[in-house]
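Written below as structure tokens is the structure these notes are about.
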Amino acid sequence: MADDTFYMKQALMEAQKAFASGEVPVGAVVVCRDRIIGRGHNLTEMLNDVTAHAEMQAITAAANNLGGKYLNECTLYVTVEPCVMCAGAIAWAQTGKLVFGAADDKRGYQKYAPDALHPKTVVIKGVLADECAQLMKDFFKKRR
């Protein structure tokens, strides 16, 4: 049985894909019964779609894989704290557990909508936070 660190490393691999294609490097995976059932990374630039966040991609892939919209038995791993939009999607999917790496003090859901998640969603913060934050720092340093 893999642990939170293992799956966050998988999310970081997704974030690296975003980084390589010029997207803000956020990655996500959805795990159900120790199996990755959805993966995603930011595609907002490629799709010209502000809603194409990593979490949204992973949630959609997972729901398609399961054949249903609820992820109450699943865990979403994401490299950066979700925004309010993604927190809403996580809530609507009734995601069982959210694990994120780096906090997002500027745009994260905790600042603007701390109660946005489903009441039963368990939240684990700070898994591989330094690695997740460093990838973001490297990306924005490169763009300046």
Side-chain angles (χ1 to χ4, degrees), residues 1-66 69-114 116-118 120-144:
M1 188 164 130
D3 65 1
D4 289 345
T5 301
F6 173 83
Y7 290 120
M8 187 59 73
K9 286 180 181 177
Q10 297 297 307
L12 272 165
M13 288 170 48
E14 287 296 318
Q16 290 284 359
K17 291 178 188 177
F19 187 101
S21 62
E23 299 276 357
V24 174
V26 179
V29 297
V30 176
V31 176
C32 192
R33 296 183 190 96
D34 296 319
R35 198 173 120 239
I36 296 174
I37 61 166
R39 293 177 177 272
H41 57 272
N42 275 0
L43 294 172
T44 59
E45 300 299 326
M46 186 176 94
L47 298 178
N48 200 31
D49 179 357
V50 297
T51 69
H53 289 192
E55 300 95 322
M56 304 298 260
Q57 305 303 311
I59 288 168
T60 299
N64 287 335
N65 192 316
L66 289 175
K69 60 186 176 180
Y70 297 117
L71 305 178
N72 55 314
E73 295 181 15
C74 302
T75 300
L76 171 65
Y77 293 87
V78 61
T79 56
V80 177
E81 176 187 344
C83 70
V84 174
M85 174 187 70
C86 291
I90 292 164
W92 284 112
Q94 297 181 17
T95 307
K97 183 176 170 184
L98 167 66
V99 179
F100 67 84
D104 185 347
D105 298 332
K106 291 182 182 176
R107 299 205 181 249
Y109 80 93
Q110 294 178 107
K111 178 178 181 178
Y112 296 105
L117 299 177
H118 190 277
K120 292 183 180 177
T121 300
V122 175
V123 179
I124 307 291
K125 306 171 188 177
V127 175
L128 297 180
D130 292 341
E131 292 90 330
C132 295
Q134 191 60 54
L135 189 58
M136 293 290 280
K137 288 174 189 171
D138 291 348
F139 177 78
F140 286 109
K141 186 177 183 182
K142 182 179 168 186
R143 296 204 36 165
R144 288 187 187 111

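Quick note: residue numbers are just sequence positions, from 1. Since we're looking at a predicted model, the values are computed, not measured.
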Seminar exercise, completed: Value for CD1 (Ile90) from CE (Met85), rounded to nearest 0.5 Å, stands at 10.0 Å
For this session: Report the residues that fulfil salt bridge (Lys or Arg N to Asp or Glu O under 4.0 Å) with Arg35, sequence neighbours left out, ordered by chain and then residue number.
Result: none
Problem set entry | Value rounded to 0.5 Å, distance of NZ in Lys9 from SG in Cys132 | 11.5 Å
Problem set entry | Heavy-atom closest contact (Leu76 atom, Ala58 atom, distance) | CD1-CB, 4.4 Å
Donor-acceptor contacts, no H, no angles, side chain residues 133-141, under 3.5 Å, sequence neighbours left out:
from   : atom 1 : to     : atom 2 : distance (Å)
Gln134 : NE2    : Asp138 : OD1    : 2.8

Seminar exercise, completed: Quick note, salt bridge (charged side-chain N to carboxylate O under 4.0 Å, His left out) partners involving residues 51-61, not counting sequence neighbours, are none
Problem set entry | Check: Lys106 main-chain N/O paired with Tyr112 side-chain donor or acceptor under 3.5 Å | yes
Exercise. Under the salt bridge (Lys or Arg N to Asp or Glu O under 4.0 Å) test, which residues partner Glu131, sequence neighbours left out?
Worked result: none
Exercise. Partners of Tyr77 by ring pair (Phe, Tyr, Trp, His ring centres under 6.0 Å), sequence neighbours excluded?
Worked result: Tyr7
Using residues 36-49 as the side-chain source, report each donor-acceptor pair under 3.5 Å to any protein atom, sequence neighbours left out, with the distance given to one decimal.
from  : atom 1 : to    : atom 2 : distance (Å)
Arg39 : NH2    : Gln10 : OE1    : 3.1
His41 : ND1    : Glu14 : OE1    : 2.9
Asn42 : OD1    : Ala54 : N      : 2.8
Asn42 : ND2    : Val24 : O      : 3.1
Thr44 : OG1    : Glu23 : OE1    : 3.3
Asp49 : OD1    : Thr51 : N      : 2.8
Asp49 : OD1    : Thr51 : OG1    : 2.6
Asp49 : OD2    : Thr51 : OG1    : 3.2

Seminar exercise, completed: Heavy-atom closest pair (Val30 atom, Cys74 atom, distance to 0.1 Å) is CG1-CB, 3.8 Å
Seminar exercise, completed: Sorted by chain and number, sequence neighbours left out, side chain to side chain contact (heavy atoms under 4.5 Å, CB included) with Ala89 holds for Met56, Ile59
For this session: Please round to the nearest 0.5 Å and tell me the distance separating atom NZ of Lys120 and atom CD of Gln94.
Result: 8.0 Å
Seminar exercise, completed: Note: Ala116 and Ala91 closest approach over all heavy atoms is O-CB, 3.1 Å
Exercise. How long is the gap from OG1 on Thr95 to NE2 on His118, to the nearest 0.5 Å?
Worked result: 9.5 Å
For this session: With sequence neighbours excluded, give me every side-chain hydrogen bond (donor to acceptor under 3.5 Å, both in side chains) pair touching residues 79-92.
Result: Glu81-Gln110
Exercise. Under the salt bridge (Lys or Arg N to Asp or Glu O under 4.0 Å) test, which residues partner Asp4, sequence neighbours left out?
Worked result: Lys97
Seminar exercise, completed: All heavy atoms of Pro82 vs all of Ala87, minimum pair found to be CB-N, 4.2 Å
For this session: State which residue, out of Val99, Ile124, Thr121, fulfils the side-chain contact (heavy atoms from CB on, under 4.5 Å) condition with Thr75.
Result: Val99
Problem set entry | Closest approach of Pro25 to Ala18 (non-hydrogen atoms, all atoms of both residues) | CA-CB, 3.8 Å
For this session: Enter the distance from Arg107:CZ to Cys83:SG here, rounded to the nearest 0.5 Å.
Result: 9.0 Å
Exercise. Do Tyr109 and Leu98 have side-chain heavy atoms sitting under 4.5 Å apart?
Worked result: yes
Problem set entry | Leu71 CG to Asn65 CG distance, which is reported to the nearest 0.5 Å | 10.0 Å
